[in-house]
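Naming: A, B, ... by sequence-line order, numbering from 1 per chain.
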Amino acid sequence: MTDASMDSAPMKGRLTTVDARTKKRNAAEKRFKAYGIVAILIGIFFLVVLTVSILRSGIPAFTQAEMRLEFVLTQEEFDAAESQVLKTKAYEAIFINKLSTALTEKGISVDFNAAAIERLLGKPGSTIREYFRANPDQIGQPVTFSLPASSRVDGYFKGRISRDTVVDSRFFEATDLDLVDALADAGIIVRNFNWNFITGSDSGVDNPGGAGIGVSVIGSFFMMLVVLALSLPIGVAASIYLEEFAPQNWFTDLIEVNISNLAAVPSIVFGILGLAVFIQFMHLPQSAPLVGGLVLTLMTLPTIIISTRASLKAVPPSIREAALGVGASKMQTVFHHVLPLAAPGILTGTIIGLAQALGETAPLLLIGMVGFIARAYPEGVVSGFIDPNSAMPAQIYTWAARADAGFYEKAWGGIIILLIFLLTMNIIAIILRRRFERRW
Amino acid sequence: MPLLWLFLLILAIAGAAFVLARMRVMAMSGQDRRSLHSLPNYYGSNAAMKSAIPALLVLVIWLIAQPFYVNSVVSGAIPDSDIAETSSRSLVLAEVRRAADGIDLAIATGNLTEDEARNMRADISDVTQRLSDAGAIVTSQITQPILRAAQQFRVLNSTGYQLMSIVVLLIAVAGGLWAFKETRPDFRARNVVEQGVRVLLIAAASIAILTTLGIVLSLVFNTIEFFRLYPASDFFFGTSWAPSFSGRGGSSDLGILPLLWGTFYISIVALIVAVPIGLFSAIYLSEYASPKVRAFAKPMLEVLAGIPTIVYGLFALLTVGPLLVSVFGDDGLGWMQAGTAVMTAGLVMGIMLIPFVSSLSDDIINAVPQAMRDGSYGLGATQSETIRQVVLPAALPGIVGAILLAASRAIGETMIVVLGAGAAARLSLNPFEAMTTVTAKIVSQLTGDSDFASPEALVAFALGMTLFVITLGLNIFALYIVRKYREQYE
Amino acid sequence: MYDIPHPTQETAVTDVKIKAKDVQVYYGDNHAIKDVSVEIENNTVTAFIGPSGCGKSTFLRCLNRMNDTIDICRVEGDILIDGDDIYDKRVDPVQLRAKVGMVFQKPNPFPKSIYDNIAYGPRIHGMARNKAELDDIVERALRRGAIWEEVKDRLQAPGTGLSGGQQQRLCIARAVATEPEVLLMDEPCSALDPIATAQVEELIDELRQNYAVVIVTHSMQQAARVSQKTAFFHLGNLVEYDDTSKIFTNPEDSRTESYITGRIG
């Protein structure tokens, strides 16, 4: 009876010869292992694609084609222009005049008219007029004007537009490219590092070239101040209570359940909360970093509480017993011994929580931080908190939602800046953890 | 910013109380701290605590309560006859508030004096003009009743705030004095202070409950308001989503089914991408990978989780969408009309969820005891047989929990769908068509210009409610499963 | 105080099943097994005894290459089963483990039904051509594991629901189901109560009819009760290896004597 099944048993052969079934099983083993490798490679591939597309599309945002021209405006020219009815037109004419002089000096001859200059530069007249009206002492002195070129000129330099793809419109004509090439040869149109993108403010919907992220960085900064100032103390206090003092009862359970659920509530719901409670109910100002900070605080709290509790839990009970043993009260034990030992972990968790909050967009959409055009820096600390502003991710979204494709480049560039902030924060967190991590 | 000053003043009083109480107890003990029950600083802290905390508490309550009181008084003062047919009391009140804000602004910019503001009666058009000169947003002509109400509103508010400042400061001083009085060397200051700190800790922990309560209340009240204007059955069972953009009238179709369908379709695509990749990555990392590979690959995958969703949204809109169009669009297979589609959003969301699935599954697979694996190896099973037939079945509940958590993430995700999925609500099976989701519509209904009292805006709260209930249910269920699973091996 | 060892006539007709020569095992830098040479006979219960940490379990796990699953573990020397070196590159550990079954210290039934626990081995090794044959194998294994009568009515109940002793017999039945030639048992009774231990010991004695059984134990009484040969390990060395009766009545090495009489260990 036993022998009947023995025939089919594969292990009766010699060990050194691998039988067919084992070969098949080993092949399956290899396949299975390969699936794992492929899965990881796909994951890493996605990461690489994402990084490459961010860098490739975003880096051009950091440069901008601009027309740089040095000229002297005489007092007579100034007076003549100011006496005209169409003053900015007069300045534009002066500018074109100076430009053709400069071109002739360099020995380059190219035909152009005022309309072409307007297509290339927008309206240079008003910039020039405002400058000289603000700085009358510069009249008669050589002044260098750097005027951002239109998004199409910029796109031509960055390869977004080529001679083959350009379509004549009132914004741009194919012949303008000859002028652009000539100006580039003359060194008048140059591609420069775009400081305005980093420090500047958002422009209107029709001027992607002038848009900058600086003001919304400030908005994000004030928001993070609110988040830090509220979520760190509240989060630590809540964690200390739950980890060190809370009795086992229904109230503690209720808090625990709430925290774990809030950690998983979609962020958009926090936006609804912010809209209903802070704006509709409490009448706090719309689009204000203060409100954004409050909403993000509520969102970040569960994250901070969870990581803080983990750090508190990691402090061994022997430390508490030692402190209690020399007659410290429970409160003194926690604040004198446990909390300092857990501090690096808490700090790390807080930084990671802040980084998360910094990149969060959805709730900001609902409290009006999107669509607001952040044109100016706040005037002071208080106005930084309560005056309408945008925030980095909200600004990126605003740009992504605009019709002009020139803004897409800005959106990608904004992402690079946002990611640099996040990366810095995470690196700080990692260094802190490496440096102060204690193994008990 | 008088509120800031008030706050600083309270802190200053508390600081003074601290110093005085500490000095008093030191003097009473004859500068000998050994005869004190507690350390001197505890006496100071006791005084500071008793002066600041009640005052701040009253301040907060007052700030919340006063608008209600003022609103009800002002609202009571407006006769029904002044409320137009097409309007409602809450709309009129909003107008009153805007007018009052406008007057404040006009005074701040010098277009009005305080006296003028209080006594303005005649010449309404002049007021409107001067307010808009000052840069205030004035929607229409300010009528006489509204102006009067606005004036009353301002008066009530300013006297209210004056009264509040006085009361709060008095409380602060009284609290400080009381604590100063009870400061004696045998007073158990440490115990009292620790009791106070404990209360603060409990208060901080309760914020989680308050947040949930806030979410639920803001959703519930607005949802009820919505169902008053729009029938609930049409909302839950309507198969058409077509809000009217005028913001008024009953011509809107606000059925949630197309949105739910879009949400689930996109989530399913996302899970089809994320679950196999995440799960196989987790299996490889926890069972096969050498420590070196693990140390490299695990953080790499987790980087995907740290990237903000706006980045994924842009990636969907500007990279993945056009890429898919070039393959499946009119130039290729002809299945796809535009870059925004279920497939675009689902694919990108799937990428976002890979690390989520993989790190949760990794934890769960590692929780399966080594004895299980040994038992299987001891019988001559290969590693993959062990994983497939012993480890995974044992880890199954946990993995299901992880997938449910990922699903709840997918359902609640906003930025990717806002940018990548499109805006058209439709019930279709073609994954290359644009569809929209609950979250995307919450955003579009609340960021438009429509009035908050209109059903087109209020529907967002009903959508939010639905979303909250679904994700909450999924989360609770998933956490329950995961916890049950952990207990099994502890 | 010990049971009288089994009559010696059974050891008369023996052939060597496993032959280990100069085996060294390292865990990283730690030299865990030093120069162990031993011959394990067919149809015999061989007991490995010794104080904890002496290397007896480690050596046992070398016999079916379970140590392969530990990264830092390194084995040197020869271990031959039926003349084949099991550490030969051509040997697939999967095949080896089917031939050399193992029962662990703590009962570790899979979180599956009793039936699936037993059928797992036969299934992965492709031992049954159809369901009826598989049923047959399961029943036979459960009978050999002396647990058939207790579970025959609830084969679909989860294996984790059994009592500790039943679980361990289930694990033995599971090991037996793949028709191994050698059965390794790593302290199979240490997690069991005395009654369950007695049942398992009885089972081990029956299993001797068909297999070479190697059992690691720290109970000297158990070694005396169930084994015919005993190996005493101390600090990674094989101190003495002989008939059980000899070891327990007249050991040659003084360390063995000290251990048996309770002075070390």
Please determine, among [options], the option with the most heavy-atom pairs under 4.5 Å with chain B.
options                      : answer
A:Tyr241, A:Phe335, A:Phe245 : A:Tyr241
A:Leu301, A:Thr252, A:Thr361 : A:Thr361
A:Asn261, A:Leu41, A:Val277  : A:Asn261

Residue [X] versus chain A: region with a heavy atom under 4.5 Å:
X        : result
B:Leu317 : side chain
B:Tyr288 : side chain
B:Leu219 : side chain
B:Leu314 : both
B:Thr382 : both
B:Val193 : neither
B:Ala460 : backbone
B:Leu419 : side chain
B:Ile387 : side chain
B:Ile442 : both
B:Ile209 : both

Check: How about B:Phe68 and A:Phe281: are their ring centres within less than 6.0 Å of each other?
Finding: yes
With a 4.5 angstrom heavy-atom cut-off, could you sort out which part of [X] is near chain B: side chain, backbone, both or neither?
X        : value
A:Ile415 : side chain
A:Ile40  : both
A:Leu262 : side chain
A:Gln280 : side chain

Check: So which of B:Ala204, B:Gly412, B:Ser408 has the biggest tally of heavy-atom pairs under 4.5 Å with chain A?
Finding: B:Ala204
Could you tell me the separation between the [atom1] atom of [X] and the [atom2] atom of [Y], rounded to the nearest 0.5 Å?
X        : Y        : atom1 : atom2 : result
A:Leu50  : B:Leu304 : CG    : CG    : 7.0 Å
A:Met331 : B:Gln195 : CE    : CD    : 7.5 Å
B:Met415 : A:Ser267 : CE    : OG    : 9.0 Å
B:Ser384 : A:Lys30  : OG    : NZ    : 11.0 Å
A:Leu47  : B:Ile354 : CG    : CD1   : 10.0 Å
A:Ile37  : B:Tyr284 : CD1   : OH    : 4.0 Å

Next item on the list: Report yes if the side chains of B:Ile310 and A:Leu418 come closer than 4.5 Å at any heavy-atom pair, otherwise no.
Entry: yes
Notebook entry, point to check: A:Pro266 versus B:Leu467: any side-chain heavy-atom pair under 4.5 Å?
Noted result: yes
Notebook entry, point to check: In terms of the angle between their ring planes, are B:Phe280 and A:Tyr35 parallel, tilted or perpendicular, with boundaries placed at 30° and 60°?
Noted result: perpendicular
Item checked: Test salt bridge (Lys or Arg N to Asp or Glu O under 4.0 Å) applied to B:Arg198 - qualifying residues, sequence neighbours left out -> none
Next item on the list: Return the set of residues passing salt bridge (Lys or Arg N to Asp or Glu O under 4.0 Å) with B:Glu194 (not counting sequence neighbours), or none when no residue passes.
Entry: B:Arg190
Next item on the list: For A:Glu29 and B:Gln383, indicate whether the former's side chain and the latter's backbone hold a donor-acceptor pair under 3.5 Å.
Entry: yes
Checklist line | Shortest non-hydrogen contact from A:Ser53 toward B:Thr319 | finding: OG-OG1, 3.7 Å
